[in-house]
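Side chains are part of it too, since the values below use all heavy atoms of this structure and drop only hydrogens, waters and symmetry mates. Letters A, B, ... mirror the listed sequences (proteins, then strands); counts begin at 1.
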Amino acid sequence: MTTAGEALTLNLLLLALGGFGVGAVGAVLAACRPGVSRWVGHAGALLGAIAAFALGVAGLAGGTLDVTIPALLPVGGFSLGMDRLSAFFVLVIATAAIPSAIYAIAYTHAYEGRSSLAGMGLAFNVFLAGMMLVALACNVLTFLVMWETMSLASYFLVMTEAEHRETQYAGWLYLVTTHAGFACLLIGFLLMAHGTGTMNLGEWRAASAALSDPVHHTVFVLLALGFGTKAGVVPLHIWLPKAHPAAPSHVSAMMSGVMIKLGVYGLIRIGFDWLGVGASWWGGAVLVVAAMSAVLGVLYALVEQDLKCLLAYSSVENIGIILLGVGAGMLFQSYHLDALASLALVASLYHTLNHAVFKPLLFMGAGAVVHATGTRNMEEMGGLIKRMPQTAACFLVGSIAIAALPPFNGFLSEWLLFQSLLLSFQIPVTGINLLFALSIAALALTGGLAAACFVKAFGISFLALPRSEQATQAKETPRMMRGTMAMSAVACLALGVAPVGLLSLLNGTAADLTGTFADARVNWHEIVINDAFAFVSPLWIAAALASLLALAPLALRIIGAKTGRRAFETWGCGRALQTSRFEYTGTAFANPFKRVFGLLYRPVKELDIQFHPESRLFVETIAYRNETRSIFEETLYGPISRLVRRSAQRARIVQSGNVHLYLMYIFVALVVLLVLAR
Amino acid sequence: MLALLRKIRTTSVVTEPLVAADDDRQIETMARQLDERARRLFGRSLHIREVDAGSCNGCELEIGALNNPYYDLERFGMHFVASPRHADCLLVTGPVTRNMADPLRRTYDATPDPKIVVAVGDCARDCGIFAGGYGVVGPVSAIVPVDVVVDGCPPTPAMILAGILAALGRRGGPQHV
């Protein structure tokens, strides 16, 4: 028996899967015609994404879904269901997938003849379908299988340019860390299934009360580690800034914009749903890790010269911001402040959606720039605003949004998050209040550093004179790519100015998890939090900014400024020669931060001066390097990888390559088993 | 700390009393006139960029004196600025040397219109004792159009001020010197 609503969602699900299926199969069938293959593959993905978007909207509006195909998987079958949280994440996936798929049609043109477009189309569609089904999975096995599908598909996408050595390393690192995380998830899920006696995720919440404390805590830690690895929280983030930039830009957009959000999805599930109400240290731990991710993520982004790598680190930062809301919500919940927990969740869900809009936009912009200049190094760009004005405008919108400045969407979600953190004074425990105060400070610091980071990203890449021959000859990207970027930019503005309906839907989603609605009154012109504790009016802010922009020329005329224009070279103190080498570099921009946070970056400075053989007064060459070292790779992962390598060396003793020995192993194993299973 | 406090307590005022000279009053009237004319001409106070085109720095000392507490040109709304982009007036000193000829031209080009150029000192007028030197290109007027020349080696601050005033007068209406 299905109601009309369920029939609709089921049809949408089938349409979405059909779209992805057509894309995947079509891309493979057209393998010998790369041009057709990329069109079919990504058009299928687009169709699927649009259907998924509709499915998400239907789910948020209250639609449900219940599909079980027992024959497809053992232990409970292939089982899908949808509550509002699942629906929201499906919506997030689709929001990022729609522009990415359109962008990919034009973007993958550059890969014709270099990589297999059939493989890319197949992996991209499987990746999207896998992500959607992770959010919809209803039992343990479905979840884990889809999780692995998503991870493997994205691994193949990362390896698109496998001929580069750094891509191979990135892919290897990604594969290892994602499977370490998967192992944690597997153990955690099995422990949980064993403790509760059910594989059905929907029944865990009620059954979790029966768990003993040690099991409960162990499950939380294991699942948090597993989901945290996928989300890329510090210190489990090391794969992220390597793997995301290595992938093609539309895939980076999906990985950074959406895939890591499924880690957030998992963390919200374990914090609010599957494990029931947990200990208060859970929320505290999430809050601390989140604050660390936010600050360290943006600090590492700030010193990065690789544009896509910078964006990847900025994803670590944004995951930190999102998890601040999740951690705060968990803490509120453990002190029975359910309305505040809902508010924190609304903020973090809203930022999840916003990040899924502006991060793909920035990655698409970066992809356009990398495509035009042939390099990811910012120090070889510059002057692109003249050559690619529309791409520059879109990238600027994304930068402002991600720096959380009005009137774009990042501002509003971070504002909500600030309010929910500020309301923590209602918790009557001093230690917790202190923790919240520190996380507010961390969020504020993150905001400032993010602004600096994107001033650098935009300024060094797009402004001033071109720093290389390729940058001089850069051309504007194809119209299709610009169109999708413009679409995302408009979405950034819309979400930042008029989020009316959306916020109530998010409030409903949060209320499903915490049991109470957040005290937020939302109407077309203002948002009022907690009975006039705080209010903001995105519409009036936008109107004020727009009118200031319009008034500036008028004011200049009133004070009698001359409006005539004169084109003349940039003033360079009368220098005869003025080249791009005189420009402010990204390294120079980041240097003050490197000094202030020297403890963290531990910069290595190398100054190598070659003097003229005749006299030390004349310099032949100067080489200056100022690199940062990753504190985590050196002190945390270095010892671990050495340990693994050493034990692997030891284990090699048993592997002699001698067939007779292997036969003996089998024989011994057989005898042992027979004795044991007697 | 205590020693310092004792020193402050025991030491009387050691600065000399200010004697109002005729010169001083003259400067003040001149500066006020200048400011008023600049406002009429540029719509705001006068911004000056100094260019050393190869001077012995004698003139720079006198120009620098315009900013000292005695003359304190800033009180009349006249500012020395760090870029020709912000300037209305260029004060050029010295014979123009080979290395400075091009930068001087660029500085002149970079200054927004309307602009005035005051050549300060004998060297700026006709290369002074450096005339004919191998490194000297010529007087300032050989490189950029000059509005007024201030004589003197070096000219006094009052003379420099009079020069700027004269230059403004040439642009802004009948000339009064």
- Query: From B:Thr111 OG1 over to A:Trp571 CH2, what is the distance, rounded to the nearest 0.5 angstrom?
  - Reply: 7.5 Å
- Do other residues, nucleotides or ligands put more than 12 heavy atoms under 6.0 Å from A:Phe618 CZ? no
- Message: When you compare the side chain of B:Arg106 with that of A:Glu569, does any pair of heavy atoms fall below 4.5 Å?
- Response: yes
- Message: Would you say CZ of A:Arg557 has more than 12 non-hydrogen atoms from neighbouring residues, nucleotides or ligands within 6.0 angstrom?
- Response: no
- Message: Under a 4.5 Å cutoff for heavy-atom pairs, which residue among B:Leu104, B:Asp102, B:Thr107 has the most contacts with chain A?
- Response: B:Thr107
- Mark yes when over 12 heavy atoms from residues, nucleotides or ligands other than B:Asn57 sit less than 6.0 Å from its CG; otherwise mark no. yes
